[in-house]
Trainee: 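Take a look at this one; I'll ask things after.
As a basis for the values below, the full set of heavy atoms in this structure was taken, side chains included, without hydrogen atoms, waters or symmetry mates. Only a predicted model underlies this, so the values are computations on that prediction, with no experimental measurement involved.
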Amino acid sequence: MMTAEAPAALLEKGYLDYHVDPTLDLFEEIEKLKKEKNAIILAHYYQEPDIQDIADYIGDSLGLSQQAAKTDADIIVFAGVHFMAETAKILSPHKKVLLPDLKAGCSLADTCPVDQFALFKQKHPDHTVIMYVNSTADIKAMSDIVCTSTNAVQIVESLPKDEKIIFGPDKNLGAWVAKKTGRDLVLWQGSCMVHEIFSLEKITKLKNRHPEAEFIAHPECEDAVLKIADYIGSTTGLLKYAINSPKKEFIVATESGIIHQMQKAAPDKVFIPAPPNNSCACNDCPHMKLNTLEKLYLCMKYELPEVTLPKELIEKAVKPIERMLEISAKYGL
């Protein structure tokens with residue numbers, strides 16, 4: 001049963017810490033709850049395999065935003081991180097949006113505090129602000145257009161060539177977009193902890209040991225890593241490339257959760273996670289991995305934790321997101 005202490009415990013822990021009967025078939029129970037509550041589970045590629053397998057839709061930030069905007073479900077259960085659930089709430093303000101663990105944050109979003117970014121904007125008053133979706137609702141509300149790694153190049157190119165642009169919060173993605181478009185972007189100096197710690201030295205050694213493997217990388221990686229990549233793309237871009245490439249072996253420089261989908265789509269191919277510059281063998285996002293199947297089940301059963309936002313914030317933040325979706329549709333993304 002739900003307890004009176006639940007809200008206080010949620011603030012402290014970020015999730016419902018209730019006992020789950022280990023004999024329960026959680027896949028079956030979650031499917032029942034989806035039907036009973038008219039709920040949809042949206043999951044990012046970086047979630048653990050069990051959550052990916054129970055989700056109604058798996059995708060990257062652009063695809064997840066598109067799904068959140070058009071779903072007919074009454075409840076959106078977002079198996080991802082906090083800014084993603086916020087984006088779903090902004091796009092579907094009348095729907096209930098749930099997040100299994102409220103503490104599933106984002107190291108990149110954390111690098112862009114509102115007060116500091118406000119001062120940064122003041123220094124560049126005549127600039128259009130394009131902010132990566134990996135940012136808080138407050139930062140989105142301060143932007144002109146939101147982008148994802150799938151559409152960042154097209155969004156920059158959709159603006160006049162003489163338009164002055166601030167791009168943030170990811171400096172690595174921004175530098176890559178600047179190089180691809182030939183634009184002089186003013187970059188906010190943020191970064192993602194997952195994509196920043198890939199080891200160039202270890203990747204080079206791995207490439208030498210696997211000479212037939214293609215090295216594919218996400219544009220949030222540092223420039224030195226991107227320079228040796230055979231293909232650079234968004235999470236969905238990496239997945240599509242790996243499936244369609246005639247090559248049979250790939251070294252993958254992004255969060256290791258995507259490899260589950262790669263292996264499902266191309267079981268005859270070999271996918272090797274690119275090594276980070278630490279003692280771990282692969283690169284997991286600690287925030288993404290806070291969500292578990294048990295937390296997802298409890299979240300759906302009790303409809304908590306719920307992500308809510310002030311109406312005024314939603315009204316401001318939805319405009320740059322809608323511009324992103326309009327430009328994406330124009331380019332067929």
Side-chain angles (χ1 to χ4, degrees), residues 1-58 61 64 68 71 73-90 92-93 95-110 134 136-138 192-194 255-257 260 280 282-310 313:
M1 292 290 293
M2 178 61 70
T3 65
E5 297 79 47
L10 271 180
L11 289 174
E12 184 183 345
K13 293 190 175 181
Y15 63 94
L16 295 175
D17 190 15
Y18 298 160
H19 173 73
V20 177
D21 183 347
T23 66
L24 272 183
D25 182 334
L26 291 181
F27 282 89
E28 187 179 309
E29 295 300 318
I30 289 169
E31 288 294 347
K32 283 181 193 172
L33 288 168
K34 280 199 285 189
K35 289 172 186 170
E36 286 172 17
K37 296 173 182 280
N38 187 27
I40 186 172
I41 299 174
L42 305 181
H44 194 274
Y45 287 126
Y46 298 166
Q47 292 293 289
E48 65 173 46
D50 281 349
I51 290 178
Q52 291 188 42
D53 290 343
I54 197 69
D56 298 291
Y57 177 84
I58 311 155
S61 295
L64 292 166
T71 182
D74 295 317
I75 296 175
I76 299 172
V77 186
F78 219 111
V81 293
H82 200 272
F83 78 79
M84 296 177 177
E86 280 186 338
T87 303
K89 186 65 179 177
I90 292 164
S92 297
K95 297 184 186 299
K96 182 175 279 190
V97 176
L98 307 176
L99 183 66
D101 193 326
L102 289 175
K103 294 194 176 179
C106 173
S107 62
L108 174 54
D110 289 345
N134 297 40
T136 64
D138 290 305
C192 163
M193 64 182 285
V194 174
E255 212 274 355
S256 58
H260 179 60
C280 301
C282 62
N283 221 14
D284 288 344
C285 171
H287 299 289
M288 284 283 187
K289 295 305 193 278
L290 282 177
N291 296 316
T292 64
L293 203 60
E294 289 77 12
K295 288 178 185 176
L296 180 64
Y297 163 69
L298 290 169
C299 170
M300 293 187 71
K301 184 176 180 181
Y302 296 108
E303 298 182 19
L304 285 170
E306 181 179 358
V307 173
T308 59
L309 293 169
L313 179 57

Trainee: Supply the atom-to-atom distance Ile30 CD1 to Ile54 CD1, rounded to the nearest 0.5 angstrom.
Mentor: 5.5 Å
Trainee: Given side chains that start at C-beta, do those of Asn134 and Cys192 come closer than 4.5 Å, heavy atoms only?
Mentor: no
Trainee: Going from CG on Asp101 to NZ on Lys295, what distance comes out if it is rounded to the nearest 0.5 angstrom?
Mentor: 4.0 Å
Trainee: Is any side-chain heavy atom of Ser92 less than 4.5 Å from a side-chain heavy atom of Val97?
Mentor: no
Trainee: Supply the atom-to-atom distance His287 NE2 to Asp110 CG, rounded to the nearest 0.5 angstrom.
Mentor: 6.0 Å
Trainee: Counting N and O atoms only, with roles assigned by atom type, does the side chain of Gln52 sit under 3.5 Å from a partner on the main chain of Gly257, one being a donor and the other an acceptor?
Mentor: yes
Trainee: Could you tell me the separation between the SG atom of Cys106 and the CZ atom of Phe83, rounded to the nearest 0.5 Å?
Mentor: 5.0 Å
Trainee: To check you understand the geometry: which heavy-atom pair defines the closest contact between Glu303 and Leu98, and what is its length?
Mentor: O-CD2, 3.4 Å
Trainee: Decide yes or no for Val194 and Met288: does some side-chain heavy atom of the first lie under 4.5 Å from some side-chain heavy atom of the second?
Mentor: no
Trainee: Let me confirm one number: the CD-CG distance from Glu306 to Leu102, rounded to the nearest 0.5 Å.
Mentor: 10.0 Å
Trainee: Take Asp21 and Thr23, measure what side-chain hydrogen bond (donor to acceptor under 3.5 Å, both in side chains) needs, and give me the verdict at the end.
Mentor: CA-CA 5 Å; Asp21 183 347; Thr23 66; 2.8 Å; yes
Trainee: If I compare all heavy atoms of Ala73 with all of Asn38, which pair ends up nearest, and what's the gap?
Mentor: CB-O, 3.4 Å
Trainee: Please name the pair of heavy atoms, one in Gly80 and one in Ala104, separated by the smallest distance, quoted to 0.1 Å.
Mentor: O-CB, 3.7 Å
Trainee: Kindly give the heavy-atom pair with the smallest separation between Ile58 and Tyr45, and that separation in Å.
Mentor: CG2-CD2, 3.5 Å
Trainee: Kindly give the heavy-atom pair with the smallest separation between Gly14 and Lys103, and that separation in Å.
Mentor: CA-CG, 4.1 Å
Trainee: Which heavy atom in Leu64 sits nearest to a heavy atom in Ala43, and how many Å separate them?
Mentor: CD2-O, 3.6 Å
Trainee: Does any part of the side chain of Tyr57, heavy atoms only, come nearer than 4.5 Å to the side chain of Thr71, both counted from C-beta?
Mentor: no
Trainee: Do Tyr46 and Val81 come close enough that some side-chain heavy atom pair is under 4.5 Å?
Mentor: no
Trainee: Under the side-chain contact (heavy atoms from CB on, under 4.5 Å) criterion, do Glu48 and Leu293 qualify, and how do the steps go?
Mentor: CA-CA 9 Å; Glu48 65 173 46; Leu293 203 60; 4.2 Å; yes
Trainee: How long is the straight-line distance from CD of Glu255 back to NZ of Lys289, given to the nearest 0.5 Å?
Mentor: 3.5 Å
Trainee: Quickly, which of Asn291, Thr292, Asp53 forms a side-chain hydrogen bond (donor to acceptor under 3.5 Å, both in side chains) with Gln47? Name it, please.
Mentor: Asn291
Trainee: Is Lys35 paired with Glu31 through a side-chain N to carboxylate O contact shorter than 4.0 Å?
Mentor: no
Trainee: For Asp56 and Ile41, indicate whether the former's side chain and the latter's backbone hold a donor-acceptor pair under 3.5 Å.
Mentor: yes
Trainee: Does some side-chain heavy atom of Lys37 sit less than 4.5 Å from a side-chain heavy atom of Asp74?
Mentor: no
Trainee: Side chains of Met84 and Thr87: does their closest heavy-atom pair fall under 4.5 Å?
Mentor: no
Trainee: Does the salt bridge (charged side-chain N to carboxylate O under 4.0 Å, His left out) test come out yes or no for Glu29 and Lys32, once each step is laid out?
Mentor: CA-CA 5 Å; Glu29 295 300 318; Lys32 283 181 193 172; 3.5 Å; yes
Trainee: Would you check if Leu26 and Val20 make a side-chain contact, meaning some heavy-atom pair closer than 4.5 Å?
Mentor: yes
Trainee: Out of His82, Lys89, Glu86, which residue meets the side-chain contact (heavy atoms from CB on, under 4.5 Å) rule with Leu99?
Mentor: His82
